[in-house]
Amino acid sequence: MTVVWINGAFGAGKTTTARELIDLIPNSTLFDPEVIGGGLPLLLPAKRLAEVGDYQDLPIWRRLVIDTAAAMLAELGGTLVVPMTLLRQEYRDEIFGGLAARRIPVHHVLLAPAETILRERIATREVPPDLSDGDMRIRQWSYDHIEPYQTALASWLAADAHLIDNGALTPYQTAARIAEAVTSGAVPVCDIVQTPEPTAETLAAGVLLFDEQDRVLLVDPTYKPGWEFPGGVVEPGEAPARAGIREVAEETGIHLADEPRLLVVDWEPPAPPGYGGLRLLFDGGRLDSADTGRVLLPGPELRAWRFVTEEEAADLLPPVRYARLRWALRARERGAAVYLEAGTPVGDRPGEGRGESAKPRPPRTGTP
């Protein structure tokens, strides 16, 4: 079972090419995620839909794309051909990572005609006549997304996908190019870690590493949205602190000589489809410039790393992880570990419960 994901700007010819492709790849089926987007008004309140300008920004859409693709392959087997524009790298991470977690490989193809041809196709694109002002709205939507497409192309998309310039090709010729490239191996499986989804609560250990300016190290996983701390799931029979040391070595190439000190224990409640569990954060200490110069990331798992201040981390970490970081920095300052539930302290100092007084103070600079 596999997925051929056909990406490209609006008007690049993805859907017409996909329809031709299913006739060229044996046992293949078309899955257009637009169907899920069209069904969301039947599932969600209008107020929720009005909160976003694009249904791709809705977590339910991304989750349903993953689940539907997996269900179709479980039912039909073979190859799923998916024509869908993905311009935000974090959405690519979430969807492709979710498929990889189900052991479904993805071949990522990008249709990339020249911008002049793209604009010409948008101008002559057929629009259903029964749509009120449909012609104007659909064409303007496509024009408005040319710039985001060019930005994605320059920043990550060209390096991630197999490019095919279909400006002078018919849909059939384009499909033939894709079929040949996929079957010959010219379009490899996306280089993304396959992390099976948990089936029960998990115990995970993260390690905070600091530079000489007391900024904390964050890493950017390829398989899920949002930045993260170095770390991962504790294996059966493994001590959490040792798991943190192992994960730091695997993810960054840095080998910690000493056992890291515990900063935070956070119970993450189950939130379907997730199972939650305990999340531990340890203090791995301060790295000198020589250590930071030796950071080496594994390509399939992590894309980038950077040292950030607490304020900068707020723009990179999901809210619960950011709350975990803030309390970890406070625990580092105080020299005492903190117990949290869903990022909120429990049983902290007198007068510091779950209310406003429980907000962390900014950490002072000092040695770990």
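In this chain, residues are counted from 1 in sequence order.
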Original post:
Hey, mind stepping through Glu34 and Tyr55 against side-chain hydrogen bond (donor to acceptor under 3.5 Å, both in side chains) and telling me if it holds?
Top reply: CA-CA 10 Å; Glu34 292 277 3; Tyr55 58 69; 2.5 Å; yes
Original post:
Hey, is Glu311 close enough to Arg215 for a salt bridge, meaning N to O under 4.0 Å?
Top reply: no
Subject >> Check ion pair Arg286-Asp211 (N to O, under 4.0 angstrom) >> reply: no
**OP:** Applying salt bridge (Lys or Arg N to Asp or Glu O under 4.0 Å), run through Arg324 and Glu268 and close with a yes or a no.
**Re:** CA-CA 11 Å; Arg324 204 173 290 154; Glu268 186 175 288; 3.2 Å; yes
Original post:
Do Glu247 side-chain atoms and Ala205 backbone N/O form a donor-acceptor pair below 3.5 Å?
Top reply: no
Subject >> Carboxylate-amine/guanidinium proximity below 4.0 Å for Lys14 and Asp32 >> reply: no
Subject >> Worked check of salt bridge (Lys or Arg N to Asp or Glu O under 4.0 Å) between Glu259 and Arg242 >> reply: CA-CA 7 Å; Glu259 293 276 346; Arg242 298 302 304 176; 3.3 Å; yes
Subject >> Tyr339 ring center near Trp267 ring center (under 6.0 Å) >> reply: no
Subject >> Lys/Arg N to Asp/Glu carboxylate O, Asp57 vs Arg88, below 4.0 Å >> reply: yes
Original post:
Among Val320, Leu278, Leu281, Leu280, which residue meets the side chain to side chain contact (heavy atoms under 4.5 Å, CB included) test with Asp266?
Top reply: Val320
**OP:** Examine distances only and state if a side-chain atom of Thr29 and a backbone atom of Leu80 form a donor-acceptor pair shorter than 3.5 Å.
**Re:** no
Subject >> Shared hydrophobic cluster, Ile95 / Val35 (ILVMFWY, side-chain heavy atoms < 4.5 Å) >> reply: no
**OP:** Could you tell me the separation between the OH atom of Tyr172 and the CG atom of Asp23, rounded to the nearest 0.5 Å?
**Re:** 9.0 Å
Subject >> N-O pairing of Asp67 and Arg62 below 4.0 Å >> reply: no
Original post:
Under 6.0 Å from the CD atom of Glu238, do we count more than 12 heavy atoms belonging to anything else shown?
Top reply: yes
Original post:
Is a donor on one side and an acceptor on the other found under 3.5 Å between the side chain of Asn166 and the backbone of Leu111?
Top reply: no
**OP:** Kindly indicate, with the supporting measurements, whether the criterion side-chain hydrogen bond (donor to acceptor under 3.5 Å, both in side chains) is fulfilled by Arg279 and Thr202.
**Re:** CA-CA 8 Å; Arg279 309 291 179 249; Thr202 54; 3.2 Å; yes
Original post:
Hey, what do you get for CD (Gln173) to OG1 (Thr17), rounding to the nearest 0.5 Å?
Top reply: 10.5 Å
Original post:
With no hydrogens and no angle check, is any side-chain donor or acceptor of Gln56 less than 3.5 Å from a backbone partner on Thr85?
Top reply: yes
Original post:
So if you build clusters from Ile, Leu, Val, Met, Phe, Trp, Tyr with side-chain heavy-atom gaps below 4.5 Å, do Val52 and Leu64 land together?
Top reply: yes
Original post:
Per the side chain to side chain contact (heavy atoms under 4.5 Å, CB included) rule, which among Asp315, Leu316, Thr309 passes with Glu312?
Top reply: Thr309
Original post:
Is the backbone N or O of Val187 less than 3.5 Å from a side-chain atom of His107, with the two atoms forming a donor-acceptor pair by type?
Top reply: yes
Original post:
Does Ser28 offer a backbone N or O that forms a donor-acceptor pair with the side chain of Thr79 under 3.5 Å?
Top reply: no
Subject >> Sidechain N-carboxylate O distance under 4.0 Å for Glu51, Lys47 >> reply: no
